[in-house]
Structure formats: C-alpha cells, structure tokens
2 protein chains.
Amino acid sequence: MNSFTEENYLKAIYKLQEQSSEGVANSDLAKALGVQSASVTAMLKKMAQKKLINYEKSKGFRLTDKGKQIAVNIIRKHRLWEVFLVEKLGFGWDEVHEIAEQLEHIHSEALINRLDVYLGHPKADPHGDPIPNANGIFAKSKSILLSETEKGMQGKFVGVTDHSPSFLTYLDKVGLSLGDTISVKSIEDFDKTYTLQLKGKKEITVSNKVANSLLIAG
Amino acid sequence: MNSFTEENYLKAIYKLQEQSSEGVANSDLAKALGVQSASVTAMLKKMAQKKLINYEKSKGFRLTDKGKQIAVNIIRKHRLWEVFLVEKLGFGWDEVHEIAEQLEHIHSEALINRLDVYLGHPKADPHGDPIPNANGIFAKSKSILLSETEKGMQGKFVGVTDHSPSFLTYLDKVGLSLGDTISVKSIEDFDKTYTLQLKGKKEITVSNKVANSLLIAG
DNA sequence: ATCATAAATTAGATTAGTCTAATTTTTTAT
DNA sequence: ATAAAAAATTAGACTAATCTAATTTATGAT
C-alpha cells in the first residue's frame, strides 16, 4: 500500500507530465508540492525503486504504467468524492477541493465502486473535469477556452481551468454555472474583454483573464 | 490538529476507560492498539503535554475533557460513516468497520454536519451503537444482554456487543436483523442455549455465546 | 516481609518524510 | 567556450512513531 505522501507525489507528477509531454523537473514538483527539492530528490529515489517512476539523475522523470495507474485512480476518487459532496451533501463547488484531498486517500476499491454506482457513474466532477472509469480511461472531451473563440460563437460552458475558490465564487456571483449555454456578443478590441449572452436573457461582461479560464464545448 | 495515530490512541483510551471506570493501564492500551508498551509510554508523554490525558507514571491514566471531546467526535464520525455505507451505498453491516476506520479521520466539521443531516440525524449505527450528537452527548439507551433475560421475555433486538464480521454474517445467515422483535421460547438448562421466536413465525436456536452478544430492549 | 512475576520505563535504533546548507551538475547567455 | 545562473544532489540533522533489550517499579503470594 502507498502512503498519503507517496500518493500526493504520484498525483502531482501525473498532473505535471500531462501538461507538458516532457519529463518532469524536480523543481516543478517541489513547487507543486510545496517542499524543498532536496526532499523531492530523496522521495524520487524511493519511488524509482518501487518502479513508480522512471528516474535518472538530472534527466527529468515520468511515471511508469504502474505509477500512472495509481495516480489516475486517486484522481478518480477525488472527483467522485467531489460529485458526492456537491450533489448529495449540498456543498458549493468552491468548497469541496480540500475535503476531497483527504477523501481521495481512503483505500477501498469496493467503496469507490459503490460510490460510482450511487452517483450514477458521473462523467465529470463539479468543475467539469472528466472522471476516469474504473479502468483509468478518461472520456475524451473536445472543449476549448472561451478566450480562443470569436464573436458570434455559441457553445456550452463545460469546465474551468482555474479551480480556486475565489474564481468559482466569482462565477457564482455573476451567475455563470456549468452547463450554461452562452454566446459571444462582442470582444473588446483593446483588452479582449468578452461580453456574453447567457441562456437567452442575461448579458455579462468578463475580463480576458476570466475568458481564459472557461472551457466551452460546441 | 491531531495525527491519525493520536486519534487512534484517543479512541482506544476512551473505549477502555468507558468499560472500567478505573484508570487505563499502559499494557491494556498497548494490546488494544497492537503496539509495544514502550511505544505507549512515549506517546502518553506527548499526549499528556498536550493536555489530552492525565498521566502520572505507573498510575493509570484517563482522558482530560479535551481528550474525551476529541475521542467522542471520532466515534461520532465513525458511526455516521457506517450508517452512510450501509444505508446509502448498500454495504453489509459486516463490511463497514474497516472503511469507517479510515473515514473517521477526515477532518471537516462541515462535512460531518452535512452528512448527519443527509442521513437524517441517525441515533444509532448499523450495529445499534449510539451516535453522539454534535455536542458529544450520547442518547442513553437501556438495553440488556439476551443472555440475561428469562424464558417468556419479549423484546427488540437493538444491538450487538461482538462486532466481528464472522459474528455479523452468522446473524445474517440465521436471519436475525437489528430491529427484529424476538421472544425467548426456552432456555436449555445445561448449556443455556436460547430458542427464540422471531417476528411471529421463524424459530431459531442460538448458543449462549451468541445470546451473550445480543442486546435487547424492552 | 520478601521474593517472584508482571507492568512500566528508559536507552538506543530504525524508518518515513522533511529541512538547511554546501556542493555539484546542467543550462544559458555572451 | 566559458562564466554566471539555475537546477539537482549530497550531507547531515530533525520529528513522529515505532521497535528491542535492559532496567526499574509495582504487585501479589507465601
């Protein structure tokens, strides 16, 4: 069995290697985990011995299949628990991350499979992030950033790339919820501010920074 | 915040001190936790410094109010999670203990309060053990062991004192479930075997060992 | 009351995960 | 190509929780 610490390393490595296709750097991992890089070096050695990562000094490293499988399973658990917290317990989408960070480390295959059934095999968590199935397969979704769309585009708000509570509560405040249909009314020339039409009636204006954190599907 | 280890010590001490009204012995705690008594000595020192227990060398020790409060809260969480696992996820009452041992250490007051609401403020876990409220107050229940009842007695099966999966699956097999109304048809003289009438129809015979693990309320 | 046994404590090690400070290796810029 | 900067590693120490072995303290039976 893997310790919480090891599981957190696996998860962090997975996320880093997904977004770069390169080997992961010690320093990036150290920053992601909030530890010193000396700690990372020590931990990587142990994880390499356990065949969780491929590791050569100063070369950048990647998860092995075994490491990846564990990492994906933790992400699966994290996201299923987030669905539970929002759908069943009524938490806001801005409140669930920290609790799910704890729940993701509960070890029980039976538990997570039953939870999955109980929740109706959800395909995405409350932030729109895909939930891998029990075999670790993610449903591929083809969404793009709102900031990459043009005037006149119409689509559905399906996810966020910024998961911070402050951003999420901002979206709540302006009345933007996952699943909403939106169209781009106009894009300000000088600062790329987006004016959006929501569900036929409400109209809102958001900064480019916001547009850059919203995922839209056709 | 308390570590898992510390929480497990608190819980174990609580259970030991409840069932004896005397100070708890180092050796009993060591046995309960499956560690050496040298480890217990070391841990008790730390916990005494944190004012979680009252501890004098070789004297037997007890939880302080602060320690007790934490211990009871862990028990509350354990039992609420057990209700969730059985009522919502469909686990058997013999399968939930180990998972709840992990879930009880999740730190979030909001989570446990919402879970409590979601479950409808249950008063007892799937084994009939009382669930303390958010203030740590247990509803007093006045049950007795079946082995202490006499022929002709009629009552309701409200709890078990043996929580082992083997005992619980045995009860499933003979068809005895929490809440069942039973009456004592006869008690064998030479070995105190009990013959019981269940819910008006089924009749079963159980050993005194079993009768000694079943709690009955008038 | 004293001697044997049981219980508790101390001393010293170990493992996991972390740290700081020093050093080495790698990368980048000129 | 080499110096400066950045990244990674090593060395050595710390904390939490555990262990074994040795010793001390308590208990209990004659």
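Residue numbers begin at 1 in each chain, while the letters A, B, ... track the order of the sequences.
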Pair B:Arg76 + B:Asp116: basic N to acidic O under 4.0 Å: yes

Nucleotide of [options] approaching [X] most closely (side-chain heavy atoms):
| X | options | value |
| --- | --- | --- |
| A:Gln36 | C:dT9, C:dT18, C:dT20 | C:dT20 |
| A:Ser37 | D:dT18, D:dT9, C:dT9 | D:dT9 |
| A:Thr5 | D:dT10, C:dT18, C:dT10 | C:dT18 |

How many Å lie between [atom1] on [X] and [atom2] on [N], as a whole number?
| X | N | atom1 | atom2 | answer |
| --- | --- | --- | --- | --- |
| A:Asp28 | D:dA6 | CG | P | 15 Å |
| A:Asn26 | C:dT18 | CG | C1' | 14 Å |
| B:Leu44 | C:dA7 | CG | P | 16 Å |
| B:Met47 | D:dA16 | CE | P | 14 Å |
| B:Leu33 | D:dA17 | CG | C1' | 12 Å |
| A:Asn8 | C:dT18 | CG | P | 9 Å |
| A:Gln49 | C:dA16 | CD | C1' | 13 Å |
| A:Phe61 | C:dT26 | CZ | C1' | 16 Å |

With a non-hydrogen cut-off below 4.0 angstrom, is [X] in contact with a base, only sugar-phosphate, or nothing?
| X | result |
| --- | --- |
| B:Ala42 | base |
| A:Thr41 | base |
| B:Ser39 | base |
| B:Phe4 | nothing |

For a quick test of reading the model: is some side-chain N or O of [X] closer than 4.0 Å to OP1 or OP2 of [N]?
| X | N | result |
| --- | --- | --- |
| B:Ser27 | C:dA8 | yes |
| B:Lys45 | C:dT9 | no |
| A:Tyr9 | C:dT18 | yes |

On DNA chain D, check which nucleotide each of B:Ala38 and B:Lys46 is closest to and give me the residue with the more 5' one. B:Lys46

Between A:Lys88 and A:Tyr118, is NZ or CZ placed under 6.0 angstrom from the six-membered ring centre and within 45° of the ring axis? yes

Give the ring-plane orientation class for A:Trp81 versus A:Phe84, where under 30° counts as parallel, over 60° as perpendicular and anything between as tilted. perpendicular

So if I apply the side-chain contact (heavy atoms from CB on, under 4.5 Å) rule between A:Ser213 and each of A:Val160, A:Val206, A:Asp162, which one comes out positive? A:Asp162

May I ask you to check whether over 12 heavy atoms, not counting those of A:Glu148, lie within 6.0 Å of atom CD? yes

